[in-house]
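These figures come from a predicted structure and were not determined experimentally. Quick note: residue numbers are just sequence positions, from 1.
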Amino acid sequence: MPNLNVTIPHQLGRVEAKRRITERLGTLRQQHGGLVTSFQETWTGDTMDFTVSAMGQTVTGRMVVEEQALHLDVVLSWFLQMLAGGFKHQLEQQGRRLLELSPK
C-alpha cells in the first residue's frame, strides 16, 4: 500500500517538539476516545511507531521528531487512500499549528 508522507519544519528543537506531540496525543485520546477503538504507540528515542483503529479501519505509521522537522509516514488501507489528499492537508495544517513557536 502507498504511504502518506508529511514533513513539517519547526524551530522548537527536538525536546520541545516531542513534548508538544505527546501532550497533544493525550488530548486527542480524551476528545476522540469514543471513535478510536485502539491506539498503540511505542517510542524508541525520538521515533514513534503507532497503530490506530477507528470505524473499522486500521492505520499504522511512524513519526520521527528531529531538531528542525517532524517526519510522518502513514500506511493507508486501499479505502483510506481515496481520502489521502484531505488527510495530508489536515496533518500538515494541524502539525504546523502545533509546532509554531508561540502555540495558540
Is it the case that the side chain of Lys18 and the backbone of Gly45 share a donor-acceptor pair, with hydrogens and angles ignored and the cut-off at 3.5 Å? yes
Is any side-chain heavy atom of [X] less than 4.5 Å from a side-chain heavy atom of [Y]?
{"X": "Thr7", "Y": "Leu70", "answer": "no"}
{"X": "Arg62", "Y": "Met48", "answer": "no"}
{"X": "Leu72", "Y": "Leu91", "answer": "yes"}

Flag for His10-Gln68: side-chain donor and acceptor within less than 3.5 Å: no
Is the closest side-chain donor-acceptor distance between Ser53 and Thr58 under 3.5 Å? yes
Residues that Glu67 engages under salt bridge (Lys or Arg N to Asp or Glu O under 4.0 Å), provided they are two or more places apart: Arg14
The criterion is salt bridge (Lys or Arg N to Asp or Glu O under 4.0 Å); which residues satisfy it with Glu16, sequence neighbours excluded? Arg19, Arg20
For Thr22 and Trp43: C-alpha separation, side-chain torsions, deciding distance, then whether side chain to side chain contact (heavy atoms under 4.5 Å, CB included) applies. CA-CA 10 Å; Thr22 55; Trp43 284 93; 3.7 Å; yes
Verify the neighbour count for atom CD of Gln11: are there more than 12 heavy atoms of other residues, nucleotides or ligands below 6.0 Å? no
Between CZ on residue Arg96 and CD on residue Gln93, distance to nearest 0.5 Å: 9.0 Å
Closest heavy-atom contact between Val65 and Ala17? CG1-CB, 3.8 Å
I need the single residue from Ile21, Val74, Leu25 that forms a side chain to side chain contact (heavy atoms under 4.5 Å, CB included) with Met63. Which is it? Ile21
